[in-house]
Amino acid sequence: MIPIELFLLMSAVLFSIGLVGLLVRSNSIVILMCIEIMLNAANLNFIAFASHVGAPLAQIFVITSITVAAAEVGVGIAILLHAYKSKKTTDINDLTSMRW
């Protein structure tokens, strides 16, 4: 059995990578990917604690979280495609106007 500390360390590393990518990069596609990495780190925490405690209810919460994250990515990519169609860029600094 793998100790829970390794899962928590892996989750912290993934969350840190996502946070650094979110703060440093200005490409909107990369920012969406970094948010997904951070959500996956949180899901890994939920699964680790669920297996450690023995509560299967947390796994249902993780499945719900993955579903919401997939819907969020779908809406985000649709908005980015529309922004790219009108502005011809995916740079966050160039997409400051709400009216296209």
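The analysis underlying the following values was restricted to heavy atoms, covering all of them including side chains, and did not include hydrogens, waters or symmetry mates.
With contacts defined as side-chain heavy-atom distances shorter than 4.5 Å, the pair Ile79/His82 does not qualify.
Heavy atoms only, all atoms of each residue included: Ile31 and Leu22 are closest at CG2-CD1, 3.4 Å. The two residues Cys34 and Gly18 come nearest to each other via the heavy atoms CB-O, 3.4 Å. Nearest heavy-atom pair across Ile47 and Gln59 is CD1-CG, 3.7 Å. Annotation for Ala48 and Phe7: closest pair CB-CB, 3.6 Å, computed over non-hydrogen atoms.
When Leu32, Ile77, Thr67 are each tested for a side chain to side chain contact (heavy atoms under 4.5 Å, CB included) with Glu72, only one passes: Leu32.
One distance of note links CG of Leu14 with CE of Met10; it measures 4.5 Å at 0.5 Å rounding. If you take OG1 on Thr64 and CZ on Phe46, they are separated by 10.5 Å, rounding to the nearest 0.5 Å.
By the rule that hydrophobic residues join a cluster once side-chain heavy atoms approach within less than 4.5 Å of another member, Ile4 and Leu44 end up as members of separate clusters. Side-chain heavy atoms closer than 4.5 Å link hydrophobic residues (I, L, V, M, F, W, Y) into clusters, and following such links, possibly through other members, connects Leu80 to Met33. Ile66 and Phe49 are assigned to two separate hydrophobic clusters, defined by single-linkage of ILVMFWY side chains at heavy-atom distances under 4.5 Å. Both Phe15 and Leu39 belong to a common hydrophobic cluster when Ile, Leu, Val, Met, Phe, Trp and Tyr are linked at side-chain heavy-atom distances under 4.5 angstrom.
Annotation: Leu57, atom CG; neighbour count of heavy atoms from other residues, nucleotides and ligands within 6.0 Å does not exceed 12. Heavy-atom contacts from other residues, nucleotides or ligands closer than 6.0 Å to CD1 of Ile2 number 12 or fewer.
Listed by first and then second residue, the side chain to side chain donor-acceptor pair (under 3.5 Å) pairs that reach into residues 43-52 are Ser11-Asn45, Asn43-Ser65, sequence neighbours excluded.
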Exercise. Do Glu5 and Leu8 pass the side-chain contact (heavy atoms from CB on, under 4.5 Å) test, and can you show the C-alpha distance, the side-chain angles, and the key distance before you say yes or no?
Worked result: CA-CA 5 Å; Glu5 290 84 13; Leu8 297 179; 5.6 Å; no
